[in-house]
Amino acid sequence: MEKIYKPATGYPSFYQQYMNNVPDDGDLIRHLNEIKIETEQLAIGLSEEKLNYSYSKGKWTIKNVLVHLADCERVLIYRAMRIARGDKTDLPGFDEKLFALNANAQNRDVASILKELSVLRTATIVFIETLDEESLDRTGTANGYPMSTRLLVNHIYGHQRHHLNIIRDRYL
């Protein structure tokens, strides 16, 4: 697989915090595999009490965060597929709080959540490996913002790193 570098420019400013989390080496596939394993190792060793802990009223639990990662990866890879295929439709946004409210994370076993994340990541990587440079650089619009396939596939890693950092800083 060829290198997949993160975009240097050309994306909405709110993506910057996530792109800052993506290594500059272009080894996106390796990093996606490694962060999957890191997430599994982090979560599997936690007690049910810790997995259901929220550090502040109105904040998600670790289980909520893990399901959020799966939900977002689905949305991001769907957007990436549409844009990579040349679709110029302004793709809709989504309400992550509504998704979390209805995801039933608190009633799920962490092994089930991790299995979902793992299977999803495998499908994500298989899709990303089909993309050539032209597809990666193709642009479209989601939630009213211009973006490229390259941004979206790199955002998957940056978003997950962002949340793992929060889990380590505020939950553990």
Side-chain angles (χ1 to χ4, degrees), residues 6-7 11-23 28-83 90-128 141-145 147 149-172:
K6 64 184 177 182
Y11 51 83
S13 61
F14 57 84
Y15 279 100
Q16 188 63 55
Q17 68 174 326
Y18 304 106
M19 290 301 104
N20 289 344
N21 289 327
V22 178
L28 180 62
I29 299 300
R30 179 173 59 86
H31 295 302
L32 287 170
N33 277 312
E34 288 173 354
I35 202 168
K36 176 185 80 77
I37 294 166
E38 179 184 345
T39 302
E40 291 167 349
Q41 290 173 341
L42 175 75
I44 204 71
L46 298 176
S47 68
E48 197 63 25
E49 179 182 351
K50 195 56 120 168
L51 289 163
N52 287 308
Y53 166 75
S54 174
Y55 68 88
S56 182
K57 184 178 180 181
K59 295 297 182 180
W60 292 342
T61 67
I62 293 174
K63 280 185 177 181
N64 290 133
V65 172
L66 295 173
V67 173
H68 166 73
L69 289 172
D71 287 347
C72 286
E73 187 160 333
R74 276 191 181 90
V75 170
L76 293 168
I77 207 66
Y78 174 73
R79 288 175 174 175
M81 184 270 302
R82 298 266 311 253
I83 291 170
D90 183 5
L91 303 171
F94 68 102
D95 184 342
E96 63 187 37
K97 291 178 182 170
L98 179 66
F99 280 28
L101 184 65
N102 292 291
N104 199 30
Q106 70 280 3
N107 294 321
R108 291 185 61 190
D109 181 81
V110 71
S112 165
I113 296 170
L114 293 173
K115 180 179 178 183
E116 178 183 6
L117 279 168
S118 179
V119 170
L120 182 58
R121 180 55 51 86
T122 298
T124 293
I125 289 170
V126 169
F127 172 73
I128 293 170
T141 308
N143 203 24
Y145 294 99
M147 58 191 62
T149 308
R150 182 179 304 279
L151 170 69
L152 291 164
V153 299
N154 277 278
H155 181 62
I156 292 167
Y157 177 88
H159 179 250
Q160 188 163 351
R161 173 59 59 208
H162 166 78
H163 281 291
L164 288 182
N165 291 344
I166 290 173
I167 288 171
R168 285 194 174 93
D169 291 345
R170 299 181 188 168
Y171 292 82
L172 303 180

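Just so it is clear, the structure is predicted and the values come from calculations on it, not from any experiment.
- Side chains of Gln16 and Asn20: a donor-acceptor N/O pair is present below 3.5 angstrom, by distance only.
- The two residues Tyr157 and Leu28 have their closest heavy-atom pair at CB-CD1, 4.0 Å.
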| field | Arg121 vs Leu32, side-chain contact (heavy atoms from CB on, under 4.5 Å): CA-CA, chis, key distance, verdict | value | CA-CA 8 Å; Arg121 180 55 51 86; Leu32 287 170; 3.8 Å; yes

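- Residue Glu40 comes nearest to Ser118 through the heavy atom pair OE2-CB, 3.6 Å, listed as atom of the first residue, atom of the second, then distance.
- A ring-centre distance under 6.0 Å is found for Phe14 and Tyr145.
- Closest approach of Gly144 and Asp90 over heavy atoms only: N-OD1, 3.0 Å.
- Put simply, CE on Met81 and OG1 on Thr149 are 10.5 Å apart, with the number rounded to the nearest 0.5 Å.
- A heavy-atom distance below 4.5 Å is not found between the side chains of Ile113 and Leu51.
- Between Glu48 and Lys63, at least one side-chain nitrogen of the basic residue sits less than 4.0 Å from a carboxylate oxygen of the acidic one, meeting the salt-bridge criterion.
- Within the 4.5 Å cutoff, side-chain heavy atoms of Val75 are placed close to those of Phe99.
- Here the shortest heavy-atom pairing between Ile77 and Phe127 reads CD1-CD2, 3.6 Å.
- Residues Thr122 and Val119 fail the side-chain proximity criterion, which asks for heavy atoms closer than 4.5 Å.
- With hydrogens and angles disregarded, a donor-acceptor distance shorter than 3.5 Å links the side chain of Lys6 to the backbone of Met19.
- Leu152 has its side chain within reach of Met147: a pair of non-hydrogen atoms, C-beta onward, lies under 4.5 Å apart.
- Classification of the Tyr15-His155 ring pair by plane angle, with boundaries at 30° and 60°, yields perpendicular.
- For the atom pair CD1 (Ile35) and CD1 (Ile37), the distance works out to 11.0 Å, reported to the nearest 0.5 Å.
- We find the CD1-CD1 distance between Ile62 and Ile167 to be 5.5 Å, quoted to the nearest 0.5 Å.
- A pairwise comparison of heavy atoms in Asn64 and Ala105 identifies ND2-CB, 3.5 Å as the closest pair.
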| query | Checking side-chain contact (heavy atoms from CB on, under 4.5 Å) for the pair Val110/Leu66: CA distance, chi angles, key distance, verdict? | reply | CA-CA 9 Å; Val110 71; Leu66 295 173; 4.2 Å; yes

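- The one candidate from His159, Gln160, Arg161 that meets the side-chain hydrogen bond (donor to acceptor under 3.5 Å, both in side chains) condition with His163 is His159.
- Distance CG/Leu172 to OH/Tyr55: 12.5 Å, rounded to 0.5 Å.
- Interatomic distance, Leu69 CG to Leu164 CG, rounded to the nearest 0.5 Å: 7.0 Å.
- To the nearest 0.5 angstrom, Leu91 atom CG is 5.5 Å from Ile83 atom CD1.
- Ion pairing between Glu73 and Lys36 fails under the 4.0 Å rule for side-chain N and carboxylate O.
- Arg74 and Tyr78 share no side-chain donor-acceptor pair at under 3.5 Å.
- Contact of the Thr124 side chain with the Leu76 side chain is not registered, since no non-hydrogen atoms from C-beta on lie closer than 4.5 Å.
- The heavy-atom pair separating Ala70 from Leu120 by the smallest distance is O-CD2, 3.2 Å.
- For the pair Glu116/Arg108, a side-chain contact is recorded, criterion being any heavy-atom separation below 4.5 Å from C-beta on.
- Within the 4.5 Å cutoff, no side-chain heavy atoms of Val65 are placed close to those of Ile166.
- Listed for the Lys50 side chain is no donor-acceptor partner under 3.5 Å among the backbone atoms of Gly45.
- A heavy-atom distance below 4.5 Å is not found between the side chains of Asp71 and Phe94.
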